[in-house]
*Asks:* 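Got a structure for you, questions after.
Computed from heavy atoms alone, side chains included, the values below leave out hydrogens, waters and symmetry copies. Sequence lines set the chain letters: A, B, ... in the order given, protein chains first and strands last, and positions in each chain run from 1.
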Number of protein chains: 2
Amino acid sequence: MYENGYVPPILTVDNVIFQIIDGHLSVLLIKRSQEPFKGIYALPGGYCAAGETTRAAMGRILETKAGIDVTKLKLTEQLYSFDTVARDPRGHAVSITYMGLGKDLMIHDSETVQSPEFFRLSDLPKLAYDHKAIIKYAHERLQSKLSYTNAVFALLDQFFTLTQLQTVYEAILCRRLDKRNFRKKILTLDLVHDTNERLQDGAHRPARLFRFNKQALESLSRNFD
Amino acid sequence: MYENGYVPPILTVDNVIFQIIDGHLSVLLIKRSQEPFKGIYALPGGYCAAGETTRAAMGRILETKAGIDVTKLKLTEQLYSFDTVARDPRGHAVSITYMGLGKDLMIHDSETVQSPEFFRLSDLPKLAYDHKAIIKYAHERLQSKLSYTNAVFALLDQFFTLTQLQTVYEAILCRRLDKRNFRKKILTLDLVHDTNERLQDGAHRPARLFRFNKQALESLSRNFD
DNA sequence: ACAAAAGTGTTAAGAATACACCCATGT
DNA sequence: ACATGGGTGTATTCTTAACACTTTTGT
C-alpha cells in the first residue's frame, strides 16, 4: 500500500469528555457492543483513517457512537498517545487521547449510539482496556490546567455565581476551598467580572452573576492554587 | 490489509534531543538527504511501523540517522502528536514527537547517519516542515518541567557544582538568576546533597560537588521558580 | 422568626525578591 | 598582590492560610 512495504500501525482516538453534573465531575462512557470487552464500559473511541485528522476523528466518533454534539464542547485538548502493542487483540495500535470539556452536554439518541452515559468520577464502573488509567491521567491534567489557565470557563455557563465557580473548582480538585480566600483569589486573578445581574434561586439572598473575561484558553499570570 | 478496508495514516516519530553545550541549550538536527526539504535541516525522525512501539522507533531513528546512543539519554518524554494532513507531500501523516535529554551526548559516525549536528537554540538554521514550532513547544515544555520536577538531573553529570546547576537553569529559562536566592531555593527543595568532594578547576576557590538525590523524574513538593 | 445561601476583612506565617561583600585558590 | 569564581545573610514585599459573623431573601 505504501512505498517499501511500509505498514503503519492501527491508529485510534479515545476521548475523555468531562462535564460537571450536580456538582460532580463526570465522564462520558459507552458500553461496548462488540468483543473485545463486549458489555464493558469504555471511553468512546474508534479508528482514525488516512486523510482524517485525529481531531476530526474525535468529532465523528463522539457524534456517531456517543450522540454528543461536539460544537457544545467549549474546550478540547490532546492528552497523550499510548502504544498498545500486544494489548489490543486487534494487533499493534497507537491510540491518541483527547480531553473535551463542556456544560450541559446532552446525549442524542440514534441508531449508531452505543449506550452512552455520564458517570461520576467517584463512581466509575469496570472499564475496558486501561481506560481507568487514561481517565486518571485526564483528571490530573485537568487539575493542573485549572491552576495555571482559565480553563474552568469551559465547564460553566456564560453567567454564573462565585459559589457555582467554587463548586467546580472543588469538584475537580477534590477538596474544599475557603470561600473568602477563593473569592479574593479569583477576583485578583482578573478571571471574571461582575455583571450587574443577580440570580435568585431559593429562600436566600440573591447571588451576583459573573462572566469570564475570556472564553478562550489562556495562561494566568499567576497560579490559582 | 486491515478489516473493512481500513487504511491507517502514516505514522512518524520526530525527536527533539536537547543537551547543554558550553552553557547553551542545544538541539540535535540532521540535514535531510532526500526530498522533500532536501538539504534543509530537520529534527531526526522517521516512520513507525506496525509492531514497533513509538519509543522503539525513537531509539532506532536516533541510532541510525543521528548516531546517538539512546542509552545515554537520561530522560525521554512524549511531547505531542501532530496531524500533518496536506503538509507532508507523502500524504496524510500523524507525527508523534518525543523529547530526550542527556549530557555529553556524542554523535557516532556511520553510513546511515545524515549529517547530525547540535545547534544552539539561539542560533538555529532554517528548518524543514514546522520543526521550528515543534522545537519551541519542546523548549516551553522543558521550561515548565524544570519548575515543578527534578528534570534538570538529566542535563548534568552525576557530580556538579551549584554554579553548573544554575547555568543549566539559566540556559533553559533564558534569564539570569540571583546566586544567593538560587542556592537557598535549591537547598530547601531537597533536590541535591553535598558530597564532600571539591572541584578545583582554575585560579579560584574550589567548588563543592553535589549529587542529585534522585536520578529519576519526580515532582517537586514546591515549585522551583 | 427562622432557614438558607450570599457576602465580607484581618491577622499571622511563609515565600519571593533585592542586594554586596569576604573566601580560597593559581599565577 | 591580584584576578577569578565560590560562597554567604538580612530586610522587604507579596502570597497564602486560617478564621466567624452579618446580609438578604422566601416561607
Side-chain angles (χ1 to χ4, degrees), chain A residues 20 22-23 143-144 146-148 156-157 159-171 173-211 219-225, chain B residues 20 22-24 143-144 146-149 156-157 159-171 173-211 219-225:
Chain A
I20 304 288
D22 296 336
Q143 288 182 332
S144 67
L146 227 51
S147 80
Y148 69 90
L156 280 160
D157 251 315
F159 295 82
F160 53 87
T161 69
L162 292 182
T163 300
Q164 287 167 352
L165 183 63
Q166 184 175 343
T167 302
V168 173
Y169 271 94
E170 289 178 341
L173 300 177
C174 301
R175 60 190 170 88
R176 301 303 310 276
L177 299 171
D178 179 87
K179 182 159 61 159
R180 279 172 292 188
N181 292 340
F182 179 80
R183 287 167 184 237
K184 220 181 309 166
K185 195 67 197 275
I186 289 294
L187 294 174
T188 65
L189 283 177
D190 207 33
L191 194 62
V192 300
H193 63 269
D194 195 348
T195 68
N196 288 303
E197 312 287 316
R198 300 292 151 98
L199 175 69
Q200 179 61 49
D201 76 334
H204 55 83
R205 182 170 172 175
R208 291 165 180 273
L209 283 168
F210 286 78
R211 298 187 69 159
S219 290
L220 299 177
S221 49
R222 289 204 314 290
N223 278 16
F224 160 77
D225 198 5
Chain B
I20 304 289
D22 296 335
H24 292 268
Q143 288 182 332
S144 67
L146 227 52
S147 80
Y148 71 90
T149 71
L156 281 159
D157 250 315
F159 296 83
F160 52 87
T161 69
L162 291 183
T163 299
Q164 288 167 351
L165 183 62
Q166 183 175 344
T167 303
V168 173
Y169 271 95
E170 289 177 342
L173 299 177
C174 302
R175 61 191 170 88
R176 303 303 310 276
L177 300 171
D178 179 87
K179 182 159 61 159
R180 279 174 292 192
N181 293 339
F182 178 80
R183 287 166 184 237
K184 219 180 311 166
K185 194 66 197 279
I186 289 294
L187 295 174
T188 65
L189 284 177
D190 207 33
L191 194 62
V192 300
H193 64 269
D194 195 348
T195 68
N196 289 303
E197 312 286 317
R198 299 293 151 98
L199 175 67
Q200 180 61 51
D201 75 334
H204 53 82
R205 180 169 173 177
R208 292 166 179 271
L209 283 168
F210 287 78
R211 300 187 67 163
S219 289
L220 299 177
S221 49
R222 290 203 315 289
N223 278 19
F224 159 77
D225 199 6

*Asks:* Take the protein atom CD of Gln164(B) and the nucleotide atom P of dG5(D), then report the distance between them rounded to whole Å.
*Replies:*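 Answer to the nearest Å: 13 Å.
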
*Asks:* How does protein reach along nucleotides 14-21 of chain D, written 5' to 3' as B (base within reach of a heavy atom under 4.0 Å), S (only sugar-phosphate), or - (no contact)?
*Replies:* -SSBBBB-

*Asks:* Could you tell me which residues satisfy ring-ring contact (aromatic ring centres under 6.0 Å, His included) with Phe210(B), sequence neighbours excluded, listed by chain and number?
*Replies:*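 Residues passing ring-ring contact (aromatic ring centres under 6.0 Å, His included) with Phe210(B): none at all.
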
*Asks:* Hey, could you give me each pair passing ring-ring contact (aromatic ring centres under 6.0 Å, His included) that has a residue in residues 180-208 of chain B? Not counting sequence neighbours.
*Replies:*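 Those involving residues 180-208 of chain B are Tyr169(B)-Phe182(B), Phe182(B)-Phe224(B).
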
*Asks:* Checking all strands, does Thr161(B) fall into the base, sugar-phosphate, or nothing category for heavy-atom contacts under 4.0 angstrom?
*Replies:*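 No contact.
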
*Asks:* Not counting sequence neighbours, list each pair that qualifies as a salt bridge (Lys or Arg N to Asp or Glu O under 4.0 Å) and has a residue in residues 174-184 of chain A.
*Replies:*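 Found Glu170(A)-Arg176(A), Arg175(A)-Asp225(A).
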
*Asks:* For dG6(D), does either OP1 or OP2 sit under 4.0 Å from a side-chain N or O belonging to Arg208(B)?
*Replies:*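 No, Arg208(B) has no side-chain N/O under 4.0 Å of OP1/OP2 on dG6(D).
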
*Asks:* Who pairs with Gln164(B) by side-chain hydrogen bond (donor to acceptor under 3.5 Å, both in side chains), at least two apart in sequence or on another chain?
*Replies:*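 Residues passing side-chain hydrogen bond (donor to acceptor under 3.5 Å, both in side chains) with Gln164(B): none at all.
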
*Asks:* If you look only at pairs with a residue in residues 199-210 of chain B, which of them pass as a salt bridge (Lys or Arg N to Asp or Glu O under 4.0 Å), with sequence neighbours excluded?
*Replies:*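 Matches after skipping sequence neighbours: Asp194(B)-Arg208(B).
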
*Asks:* Give me the atom names and distance for the closest heavy-atom approach of Ala207(A) to Thr161(A).
*Replies:*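 Closest approach of Ala207(A) to Thr161(A): CB-CG2, 3.6 Å.
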
*Asks:* Asp157(B): what forms a salt bridge (Lys or Arg N to Asp or Glu O under 4.0 Å) with it, not counting sequence neighbours?
*Replies:*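 Applying salt bridge (Lys or Arg N to Asp or Glu O under 4.0 Å) to Asp157(B) gives none.
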
*Asks:* Does Arg211(A) make a cation-pi contact with Phe160(A) (under 6.0 Å, within 45 degrees of the axis)?
*Replies:*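 Not flagged: Arg211(A) not positioned over aromatic ring of Phe160(A).
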
*Asks:* Between Thr167(A) and Gly23(A), is there a donor-acceptor pair closer than 3.5 Å when you use the side chain of the first and the backbone of the second?
*Replies:*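 No, because the side chain of Thr167(A) does not come within donor-acceptor range (under 3.5 Å) of the backbone of Gly23(A).
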
*Asks:* Need two values: the first and the last nucleotide of DNA chain C, 5' to 3', having an atom under 4.0 Å from any heavy-atom of chain A.
*Replies:*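 Nucleotide range with atoms under 4.0 Å of chain A: dA3(C) to dT10(C).
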
*Asks:* Work out which heavy atom in Gln143(A) is nearest to a heavy atom in Cys174(A); give both atom names and the distance.
*Replies:*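 Shortest heavy-atom contact: NE2-SG, 4.3 Å.
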
*Asks:* Could you write nucleotides 22-27 of chain D as a row of B, S and -, 5' to 3', where a protein heavy atom under 4.0 Å of any base atom gives B, of only sugar-phosphate atoms gives S, and otherwise -?
*Replies:* -BBBS-

